[in-house]
Amino acid sequence: QVQLVESGGGLVQAGGSLRVSCAASGTIFSINAMGWCRQAPGKQRELVASITSGGSTNYADSVKGRFTISRDNAKNTVYLQMNSLKPEDTAVYSCWVRGATVYWGQGTQVTVSS
């Protein structure tokens with residue numbers, strides 16, 4: 001079965017950095033994109049960053065210039081490097097992989113203190 005497992009979340013002070021990872025296992029055919037979404041309490045889920053199979057990236061305006069998405073194809077892992085973190089970045093971050101369907105990880109909590 002397909003499984004996506006996030007790791008690397010935690011508590012960090014404003015201005016700090018975190019790197020969250022998402023490791024995929026199982027067979028996923030025809031992957032065309034991978035990415036990260038986040039959801040804070042009382043807010044809708046939003047797309048944070050994505051990367052296509054061709055390497056093109058896209059970022060939400062709120063994180064552009066601070067976050068970087070990358071892949072390690074050999075490890076079937078997608079990363080999100082988060083720098084200059086702000087309290088408003090506090091959310092549950094979930095990774096996803098789009099193939100024939102969309103697969104989701106369980107999410108990892110990122111908390112940024114002021």
Side-chain angles (χ1 to χ4, degrees):
Q1 64 182 53
V2 175
Q3 186 175 31
L4 276 60
V5 180
E6 297 102 332
S7 62
L11 175 65
V12 65
Q13 293 184 347
S17 298
L18 280 176
R19 189 192 198 192
V20 290
S21 303
C22 175
S25 62
T27 302
I28 306 175
F29 294 100
S30 302
I31 296 174
N32 57 65
M34 307 175 71
W36 293 87
C37 291
R38 68 184 181 186
Q39 187 167 29
K43 296 184 178 180
Q44 295 187 61
R45 178 177 294 178
E46 64 175 334
L47 176 67
V48 177
S50 64
I51 183 167
T52 69
S53 59
S56 298
T57 58
N58 184 64
Y59 298 94
D61 288 341
S62 59
V63 307
K64 193 172 298 182
R66 300 188 296 121
F67 291 11
T68 303
I69 188 170
S70 61
R71 300 176 302 175
D72 186 332
N73 291 334
K75 295 182 178 180
N76 295 320
T77 301
V78 61
Y79 305 93
L80 186 67
Q81 178 67 46
M82 301 180 286
N83 298 327
S84 301
L85 283 162
K86 305 174 181 179
E88 49 263 46
D89 293 319
T90 295
V92 174
Y93 285 72
S94 300
C95 69
W96 53 265
V97 178
R98 181 183 293 117
T101 185
V102 179
Y103 303 93
W104 289 89
Q106 82 286 357
T108 185
Q109 177 71 47
V110 173
T111 302
V112 184
S113 62
S114 60

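Heavy atoms only: backbone and side chains are in, while hydrogens, waters and symmetry mates are out.
Using a 4.5 Å cut-off between side-chain heavy atoms of Ile, Leu, Val, Met, Phe, Trp and Tyr, Leu11 forms no hydrophobic cluster with any other residue.
Of the possible polar contacts, one joining the Thr90 side chain to the Val112 backbone as a donor-acceptor pair under 3.5 Å is found. The closest donor-acceptor contact from the side chain of Arg71 to the backbone of Thr52 lies under 3.5 Å. Remark: the backbone N or O of Gly107 is paired with a side-chain donor or acceptor of Glu6 at under 3.5 angstrom.
With contacts defined as side-chain heavy-atom distances shorter than 4.5 Å, the pair Val110/Met82 qualifies. Using a 4.5 Å heavy-atom cutoff, the side chains of Trp96 and Cys22 are not in contact.
Heavy-atom minimum distance, Ser114 versus Ala14: CA-CB, 4.4 Å.
No option in Ile69, Val48, Ile51 other than Ile69 meets the side-chain contact (heavy atoms from CB on, under 4.5 Å) test with Tyr59.
Between the CD atom in Glu46 and the OG atom in Ser62 there is a gap of 5.0 Å [rounded to 0.5 Å]. Rounded to the nearest 0.5 Å, atoms OG (Ser17) and CZ (Arg66) are 10.0 Å apart.
A salt bridge links Asp61 with Lys64: at least one charged nitrogen is closer than 4.0 Å to a carboxylate oxygen.
Val97 and Tyr79 fall into different hydrophobic clusters, where Ile, Leu, Val, Met, Phe, Trp and Tyr residues are linked whenever their side-chain heavy atoms come under 4.5 Å apart, directly or through other members. Tracing side-chain contacts under 4.5 Å through hydrophobic residues (I, L, V, M, F, W, Y), one reaches Tyr93 starting from Val12; they form part of the same cluster. A continuous path of hydrophobic side-chain contacts links Leu47 to Val102 [ILVMFWY only; heavy atoms under 4.5 Å]. One hydrophobic cluster holds both Trp36 and Val63 under the rule that ILVMFWY side chains link at heavy-atom gaps under 4.5 Å. Hydrophobic clustering (side-chain heavy atoms under 4.5 Å, transitive across Ile, Leu, Val, Met, Phe, Trp, Tyr) groups Ile31 together with Leu80.
In this model, no donor atom of one side chain and acceptor atom of the other lie less than 3.5 Å apart for Ser53 and Asn32.
The list of disulfide (SG to SG under 2.5 Å) pairs with a residue in residues 33-86, not counting sequence neighbours, is empty.
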